[in-house]
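Quick one: this structure, given as structure tokens, is what I'll be asking you about.
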Amino acid sequence: MALSKVDFNSINVTPAASKAIKFNSSNNGFETGDVGGSLVLLETQTASSSATIDFTSGIDSTYKEYVFKFIDIHPATNAVDFLFQADTGTNTNYNQTITSTNFIAANRENDADTSLSYRTAGDLAQSTSFQQLNEYNTIGNDNDQSLAGTLTIFEPSSSTFVKHFIATTDLAEQNDYQVNCFVAGYFNTTTAITRFRFKMSSGNIDAGTIKLYGVT
């Protein structure tokens with residue numbers, strides 16, 4: 001069977017940089033635009049002996065999905081957790097009700113020990129505590145140790161549904177393990193969530209960067 005070729009000049013669409021050609025409902029059937037899934041950088045915060053890092057604006061109905069990216073989060077104190085919570089409106093209690101799960105994959109530096117396990121110490125059951133984003137009490141504060149990863153929040157402005165989140169982090173543990181941690185859960189509220197707080201379980205966030213993106 002012969003294949004037909006489309007003449008570029010026959011496509012009735014104006015080229016646009018960094019855009020894709022998509023089908024539409026008009027008679028010519030084409031348009032340029034975003035295919036979807038693009039990240040829009042909304043805010044960047046850099047820690048410097050910071051007790052907390054708060055994101056208090058830009059989280060609204062503009063996007064149905066928001067992504068935080070953690071880059072080399074380094075604690076001032078050894079063997080601690082990286083935590084987060086959220087709140088609604090202009091509230092600053094950061095005590096929304098969370099139910100979550102937590103499991104890890106780990107390998108020691110010398111390859112002497114490996115594991116894949118569920119971590120009950122890292123999950124919450126209708127709790128207003130801060131959610132940890134790593135294996136319990138494990139982030140090391142050696143000069144070369146840190147945590148990196150992502151946290152995705154789905155439709156935080158919904159007035160109908162609870163607010164789901166999924167996080168994946170990778171960290172250098174204080175006992176010289178490499179640990180990949182998987183956390184997921186939901187905020188049990190149908191009120192719009194508008195702000196997030198990140199902190200360590202003890203001591204400051206010595207260094208690191210957190211970026212907030214909206215997903216188109």
Side-chain angles (χ1 to χ4, degrees), residues 39-60 66-98 100 102 104 106-109 119 121-124 127-153 156 163 165-185 187 193-214:
L39 295 178
V40 178
L41 179 61
L42 303 177
E43 187 175 355
T44 300
Q45 294 200 44
T46 300
S48 179
S49 298
S50 305
T52 66
I53 294 180
D54 296 344
F55 289 81
T56 60
S57 62
I59 302 167
D60 52 34
Y66 289 82
V67 176
F68 292 95
K69 289 187 177 289
F70 313 121
I71 303 167
D72 291 336
I73 304 299
H74 183 263
T77 305
N78 195 43
V80 293
D81 299 322
F82 185 51
L83 312 171
F84 88 101
Q85 249 286 8
D87 219 328
T88 58
T90 58
N91 298 317
T92 57
N93 293 319
Y94 295 100
N95 61 352
Q96 293 301 301
T97 302
I98 297 175
S100 63
N102 187 315
I104 68 157
N107 184 28
R108 199 161 196 174
E109 253 182 31
R119 295 293 180 174
D123 65 21
L124 298 176
S127 171
T128 57
S129 298
F130 273 68
Q131 173 67 57
Q132 67 186 67
L133 292 170
N134 56 281
E135 185 188 1
Y136 181 63
N137 285 348
T138 56
I139 307 174
N141 72 338
D142 289 355
N143 289 337
D144 62 349
Q145 293 178 326
S146 65
L147 173 146
T150 62
L151 167 66
T152 302
I153 311 293
K163 314 304 187 290
F165 63 86
I166 298 173
T168 303
T169 61
D170 193 77
L171 60 130
E173 193 188 67
Q174 90 278 10
N175 288 328
D176 298 325
Y177 281 82
Q178 183 277 331
V179 182
N180 194 193
C181 189
F182 302 85
V183 181
F187 294 97
I193 286 177
T194 59
R195 54 185 59 216
F196 288 83
R197 170 168 288 179
F198 299 91
K199 67 177 185 177
M200 293 296 176
S201 57
S202 178
N204 291 336
I205 305 173
D206 179 62
T209 300
I210 304 178
K211 290 180 177 287
L212 172 63
Y213 296 85

Under 3.5 Å: donor-acceptor pair, side chain of S146, backbone of H74: no

Residue pairs, two or more places apart or on separate chains, that pass side chain to side chain donor-acceptor pair (under 3.5 Å) and touch residues 45-54: E43-Q45, D54-R197

T138 (side chain) donor-acceptor with E135 (main chain) under 3.5 angstrom: yes

Heavy atoms from other residues, nucleotides or ligands near CG of N93 exceed 12 (cutoff 6.0 Å): yes

In residues 78-86, what donor-acceptor pairs under 3.5 Å come from side-chain atoms, sequence neighbours left out?
unit_1 : atom_1 : unit_2 : atom_2 : d
N78    : OD1    : N141   : N      : 3.1
D81    : OD1    : N134   : ND2    : 3.0
D81    : OD1    : N137   : N      : 2.4
Q85    : OE1    : Q96    : N      : 3.3
Q85    : NE2    : Q96    : O      : 2.7
Q85    : NE2    : T128   : O      : 3.2
Q85    : NE2    : S129   : O      : 3.0

Minimal non-hydrogen separation, I139 against L147, with atom names: CD1-CD1, 3.8 Å

Over 12 foreign heavy atoms within 6.0 Å of CZ, F182: yes

Check: P75 main-chain N/O paired with D206 side-chain donor or acceptor under 3.5 Å: no

Ring centroid separation Y213 to F68 under 6.0 Å: no

Ring centers of F165, F187 separated by less than 6.0 Å: yes

Donor-acceptor pair, side chain of Y66 and main chain of L151, under 3.5 angstrom: no

Minimum heavy-atom distance S100-G122, with the two atoms named: OG-O, 4.2 Å

Over-ring placement of K199 relative to F130, 6.0 Å and 45° cut-offs: yes

